[in-house]
Amino acid sequence: MTGVVISLPTAAKRKVKQNRNQAARAAKAGLPKLEVEYVYPTIREAMRTAATLIKLGPSPERELLTALCFALDDDARARVEAFLALGVAAQRESAIDARAIFKASRPNVGEKYDLEIALRLLLERAENQL
């Protein structure tokens with residue numbers, strides 16, 4: 001389909017100069033660029049979970065707890081989550097560890113993806129520090 005391009009009678013004849021904030025734009029252009037890696041909040045939370053799981057390491061107790069948490073129905077999972085939330089809010093290390101195992105026992109697709117990214121990022125950061 002071909003056609004003729006016409007300008008609308010209400011269109012501006014020229015580009016309007018934006019004189020406002022010229023000093024701020026010039027100051028911003030003069031600043032050095034920061035190399036900051038942005039990490040999404042869900043991945044930051046998964047990084048905390050992954051760091052706890054790495055710290056705990058593999059053990060028979062952890063495997064048994066993961067299996068038990070996986071077998072719980074949704075009502076029981078909600079009750080356990082509410083109970084662990086109190087300990088996490090009080091900054092109890094044992095509750096933080098248990099919640100990490102609990103959350104990793106049956107993640108949804110998004111949580112599984114975030115946990116994989118978090119583990120990769122933690123491993124990359126550990127390699128860069130060596």
Side-chain angles (χ1 to χ4, degrees):
M1 179 176 188
T2 60
V4 179
V5 177
I6 60 170
S7 63
L8 297 173
T10 57
K13 303 295 181 209
R14 61 183 174 80
K15 187 175 178 181
V16 178
K17 281 184 90 172
Q18 299 290 333
N19 292 327
R20 215 179 300 161
N21 297 327
Q22 274 184 330
R25 281 196 308 270
K28 183 179 177 183
L31 291 175
K33 300 292 182 194
L34 294 176
E35 294 296 325
V36 177
E37 179 186 3
Y38 179 75
V39 179
Y40 288 100
T42 57
I43 296 176
R44 283 196 300 265
E45 181 181 348
M47 287 176 79
R48 287 190 289 271
T49 301
T52 302
L53 293 175
I54 290 170
K55 177 188 74 165
L56 293 174
S59 69
E61 295 87 5
R62 180 176 159 199
E63 293 295 326
L64 180 62
L65 184 58
T66 301
L68 289 172
C69 291
F70 182 78
L72 294 175
D73 64 341
D74 291 338
D75 280 344
R77 286 185 69 81
R79 289 194 307 269
V80 171
E81 180 72 31
F83 181 78
L84 291 175
L86 297 173
V88 171
Q91 295 294 318
R92 282 198 331 260
E93 193 68 30
S94 59
I96 293 170
D97 295 347
R99 186 171 182 264
I101 293 171
F102 183 75
K103 287 186 73 64
S105 66
R106 194 167 73 178
N108 62 27
V109 174
E111 291 169 343
K112 188 182 295 186
Y113 180 72
D114 290 342
L115 196 57
E116 288 174 5
I117 292 174
L119 285 168
R120 183 177 45 82
L121 286 173
L122 287 174
L123 292 174
E124 286 175 2
R125 289 181 182 178
E127 289 174 358
N128 290 340
Q129 288 180 354
L130 295 178

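The structure presented is a predicted model; accordingly, all values stated were derived computationally and were not measured. Just the heavy atoms: all of them, side chains too, but no hydrogens, waters or symmetry mates, feed the values below.
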| Derivation of the side chain to side chain contact (heavy atoms under 4.5 Å, CB included) call for Glu61 and Leu65 | CA-CA 6 Å; Glu61 295 87 5; Leu65 184 58; over 6 Å; no
| query | According to a 4.5 Å side-chain heavy-atom criterion applied to Ile, Leu, Val, Met, Phe, Trp and Tyr, with indirect links allowed, do Ile43 and Tyr38 form part of one hydrophobic cluster? | reply | yes
Considering only distance and modelled atom types, tabulate donor-acceptor pairs under 3.5 Å from the side chains of residues 105-122, sequence neighbours left out.
unit_1	atom_1	unit_2	atom_2	d
Ser105	OG	Arg77	NH1	3.4
Ser105	OG	Phe102	O	2.7
Arg106	NH1	Leu72	O	3.2
Arg106	NH2	Asp74	OD1	3.0
Asn108	OD1	Gly110	N	3.1
Asn108	OD1	Glu111	N	2.8
Glu111	OE1	Asn108	N	3.1
Asp114	OD2	Thr42	OG1	3.1
Arg120	NH1	Glu124	OE2	3.4

| Which residues satisfy the side-chain hydrogen bond (donor to acceptor under 3.5 Å, both in side chains) test with Glu63, sequence neighbours excluded? | none
| Separation between SG of Cys69 and CZ of Arg99, rounded to the nearest 0.5 Å | 12.5 Å
| task | Locate the shortest heavy-atom distance separating Arg125 from Met47; write the atom from each residue and the value. | result | NH1-CE, 3.3 Å
Donor-acceptor list for residues 85-95 side chains, cut-off 3.5 Å, not counting sequence neighbours:
unit_1	atom_1	unit_2	atom_2	d
Glu93	OE2	Lys55	NZ	2.7

| Which heavy atom in Ile101 sits nearest to a heavy atom in Arg62, and how many Å separate them? | CD1-CG, 4.0 Å
| said: By the definition side chain to side chain contact (heavy atoms under 4.5 Å, CB included), identify the one residue from Leu56, Thr49, Ile54 that meets it with Thr52. | reply: Leu56
